[in-house]
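Dropping the structure in here first, questions after.
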Amino acid sequence: MPKYNGSEIEVTLSPSKVTTHYFTCATFILSCRPFYVEPRNIVEDSVQDRVSAEASVLNSRVHYYSRLTGSSDRLLAPPDHVIPPPEEIYIYSPLGTAFKVDGGEATTKNPSVVTIFAIWNTMMGTSILSIPWGIKQAGFTLGIISVILMALLTLYCCYRILKSTKSIPYVDTSDWEFPDVCKHYFGEFGKWLSLLFSMVSLMGAMVVYWVLMSNFLFNTGKFIYNYVHNINISDTEFGTNGTDKGGCFWNISCFKSIFDNSTALFNHWWSKTNSIPFYLIVLLLPLLNFRSASFFARFTFLGTVSVAYLIFLVTLKAFRLGFHLEFHWFDSTEMFVPEFRLLFPQLTGVLTLAFFIHNCIITLMKNNRNQENNVRDLSLAYLLVGLTYLYVGVMIFAAFPSPPLSKECIEPNFLDNFPSSDVMVFVARAFLLFQMMSVYPLLGYLVRVQLMGQLFGDHYPSFAYVFILNVLIVGAGVLMAKFYPNIGSIIRYSGAMCGLALVFVFPSLIHMRALRRRGELRWPSAFFHSFLIMLGAANLLGQFFM
């Protein structure tokens, strides 16, 4: 049976067990390139006394290419149309027998619907909690327009990345990722720059997770404490959950509660910014030092459950509250914001990260069963993501009770507008807390693999190096959770920074460079893609002036 050794397959054919034949492979099954084939007949389970015409033709073609060049030279290697698909690959013996290779999990492909929902699930992150706040910052009408336009722009740039490997001739790019494409066009500088901004996106996500986990743990503990001590806090559907914002206070009445020394002591040791971020260190820092994060990958389904529950929660709350809208196009009122505001770059920064999947789209699409449907499936996935963001953002903004509260009171995390005593919101926070505590080590693992792999050539060079890296990661989260726990601003800054390089600059430059190498670059394409780069730069600069 075949044995895979990383770069070669050693094949020992029974019953003689005396024949060993080698096939040079970039990736087992998916990009196999035999350099010498001499078959006589093909068999399934038993030897048959006949010669397969198809095998003879395949042998002649591959043997021809083998005579042209050595196996290490990829220029004249057998092209894709010569090699059969993975499910039809055979291991041949010079004795005249061949056995069909069972690809197993390596050749498992997903149907389009699975691919679409995989992309949707990957993109659905913490940004969904800040979409209502972003729409408030941009204005209701301009916010909806911004979501649609950003979805189209990021989809096009993602499409350009998906097609980038196909534009490289004479090179086997079947196992390439986007940093490899950047290295091909821009050398080591491009590879390291893409790695840097990939680190920015991952670190930004981990910081946001730490802030949100501190928030959810605080509210979860507060709910349990009030329930155990029979503290009944009545509030409306919406409020500000203790946020000190002018004009956003909401009267809260407490029954059967005694604010004695024990309550004051609890409030002192159970603080959202002063104590909770440090408690999380005890829970999460040890998990980051695991060699493998495969255990935590089993809980990624909780992300889908959490988003589904959020959609249900938003629908129920909007049904109970009704819509509260007034349209004032350019001027704000006491309770309503204008439809068009100059603060819209804050929303576009959030949306850049909300629609960000560009650094892993090539990997996701490799597992699509019908590769000819990649563009269609990617477009449908973006449509589904955009509709989800629009639904949550529009429903929360429209249902926010104005009056008595101004639309300006919508928090960067819209769950903060619900009181900690709300049972349904408590369930949502508990779901999200557990999901984030399982995903956080996965993000840390990705940071470690990318960074340590490039610096040391080993994903786990030593416990000391890994521990120092994890302390720096956790320290960044603790500092932000204590001194600047505004997830909306963290998301928009990190989104605009990584989006500038990985969403706008690299895809556009790579496409223009590929066209120029083929002599097909024309001024309309150059103008449009240069305009995309300027939009990315303006999106980043706008975060510092709004």
Side-chain angles (χ1 to χ4, degrees), residues 121-122 124-133 202 204-228 233 241-243 266-267 269-288 290 293 295-314 317 392 396 411-445 470 473-474 476-482 485-488 490-491:
N121 188 40
T122 304
M124 282 289 112
T126 56
S127 301
I128 193 173
L129 300 175
S130 295
I131 296 297
W133 171 81
L202 288 172
M206 295 188 75
V207 168
V208 171
Y209 269 45
W210 200 275
V211 174
L212 285 174
M213 286 186 294
S214 301
N215 183 312
F216 296 149
L217 183 59
F218 167 78
N219 283 287
T220 301
K222 191 175 179 181
F223 176 90
I224 295 174
Y225 179 85
N226 291 340
Y227 179 81
V228 170
I233 300 179
N241 199 17
T243 303
F266 171 78
N267 292 333
W269 290 105
W270 198 256
S271 170
K272 186 187 298 186
T273 57
N274 294 328
S275 59
I276 299 296
F278 296 94
Y279 297 159
L280 287 173
I281 298 177
V282 180
L283 295 173
L284 295 175
L285 183 58
L287 301 181
L288 290 175
F290 283 15
F295 171 77
F296 304 102
R298 302 174 184 177
F299 300 98
T300 53
F301 73 95
L302 288 173
T304 304
V305 176
S306 301
V307 174
Y309 184 79
L310 279 179
I311 294 174
F312 168 75
L313 177 67
V314 166
K317 294 296 184 181
V392 173
I396 289 294
E411 295 284 345
N413 171 11
F414 77 82
L415 291 180
D416 282 345
N417 287 115
F418 297 97
S420 59
S421 58
D422 192 311
V423 177
M424 294 189 64
V425 178
F426 163 76
V427 174
R429 289 176 175 135
F431 259 125
L432 289 168
L433 175 62
F434 188 72
Q435 181 237 342
M436 290 181 180
M437 291 183 68
S438 62
V439 173
Y440 189 83
L442 286 175
L443 296 176
Y445 177 77
N470 293 333
I473 294 173
V474 169
V478 171
L479 290 176
M480 295 300 289
K482 178 173 176 58
N486 187 324
I487 67 164
I490 300 172
I491 290 174

Validation row: Trp210, Leu479 side chains within 4.5 angstrom (heavy atoms):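 Of all side-chain heavy-atom pairs linking Leu479 with Trp210, none is under 4.5 Å.
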
Distance-minimising heavy-atom pair for Ser130 and Ile491: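 Distance-wise, the nearest heavy atoms are OG-CD1, 3.8 Å.
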
Heavy-atom check, side chain of Val478 versus side chain of Ile281, under 4.5 Å: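 In contact.
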
Sub-4.5 Å side-chain heavy-atom contact between Met437 and Leu287: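 SC-SC contact between Met437 and Leu287 ruled out.
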
Any donor-acceptor pair under 3.5 Å from Trp270 side chain to Phe218 backbone: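 It does hold such a pair.
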
Nearest-0.5 Å distance, CZ of residue Phe426 to OG1 of residue Thr220: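 Between Phe426 CZ and Thr220 OG1, I get 5.5 Å after rounding to 0.5 Å.
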
Side chain Ser214, main chain Ile276, donor-acceptor under 3.5 Å: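 No, because the side chain of Ser214 does not come within donor-acceptor range (under 3.5 Å) of the backbone of Ile276.
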
Closest heavy-atom pair and its distance - Asn417, Glu411: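 Where Asn417 meets Glu411 most closely, the heavy atoms are OD1-N, 2.9 Å.
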
With Asp422, the salt bridge (Lys or Arg N to Asp or Glu O under 4.0 Å) member among Arg429, Lys222, Lys317: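 Of all the options given, the one that passes is Lys317.
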
Heavy-atom side-chain contact between Met436 and Val439 under 4.5 Å: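 Side-chain contact under 4.5 Å: no.
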
Met213/Leu283 under side-chain contact (heavy atoms from CB on, under 4.5 Å): CA gap, chis, key distance, verdict: CA-CA 11 Å; Met213 286 186 294; Leu283 295 173; over 6 Å; no

Contact summary for Pro132 and Leu129, nearest pair of heavy atoms: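 The pair with the smallest heavy-atom distance is CD-O, 3.9 Å.
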
Straight-line distance of Asn413 CG to Asn486 CG, nearest 0.5 Å: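 So the CG of Asn413 and the CG of Asn486 are separated by 10.0 Å.
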
Spacing of CG belonging to Leu432 relative to CG belonging to Leu217, to within rounding of 0.5 Å: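 Reported value, rounded in 0.5 Å steps: 13.0 Å.
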
Residue list, side chain to side chain contact (heavy atoms under 4.5 Å, CB included) with Ala476, at least two apart or on another chain: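 Met203, Val207.
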
side-chain contact (heavy atoms from CB on, under 4.5 Å) between Tyr440 and Met206, intermediate numbers included: CA-CA 7 Å; Tyr440 189 83; Met206 295 188 75; 3.5 Å; yes

Minimal non-hydrogen separation, Leu443 against Ala205, with atom names: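 In terms of heavy atoms, the two residues are closest at CD1-CB, 4.2 Å.
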
Leu313/Leu415 under side-chain contact (heavy atoms from CB on, under 4.5 Å): CA gap, chis, key distance, verdict: CA-CA 10 Å; Leu313 177 67; Leu415 291 180; 4.1 Å; yes

4.5 Å side-chain heavy-atom contact, Asn121 and Val307: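 The answer is no, as the side chains (C-beta and beyond) never meet within the 4.5 Å cut-off.
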
Contact summary for Gly204 and Ile490, nearest pair of heavy atoms: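 Closest heavy-atom pair between Gly204 and Ile490: O-CG2, 4.3 Å.
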
Heavy-atom side-chain proximity of Val392 to Ile131 below 4.5 angstrom: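 No, side chains not in contact.
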
Heavy-atom side-chain contact between Tyr209 and Leu280 under 4.5 Å: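 Heavy-atom side-chain distance check fails, nothing below 4.5 Å.
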
All side-chain hydrogen bond (donor to acceptor under 3.5 Å, both in side chains) counterparts of Asn470, not counting sequence neighbours: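 Partners of Asn470 by the side-chain hydrogen bond (donor to acceptor under 3.5 Å, both in side chains) criterion, ordered by chain and then number, come out as Asn289.
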
Contact check, side chains of Asn215 and Ile487, non-hydrogen atoms, under 4.5 Å: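 A side-chain contact under 4.5 Å is absent here.
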
Tyr309 side chain vs Met424 backbone, donor-acceptor pair below 3.5 Å: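 Pair found, side chain donor or acceptor close to backbone of Met424.
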
Interatomic distance, Phe414 atom CZ to Leu310 atom CG [nearest 0.5 angstrom]: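 Going from the CZ atom of Phe414 to the CG atom of Leu310 covers 5.0 Å.
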
Gap separating the CD1 atom of Ile224 from the CG atom of Asn219, nearest 0.5 angstrom: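 So the gap between those two atoms works out to 11.0 Å.
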
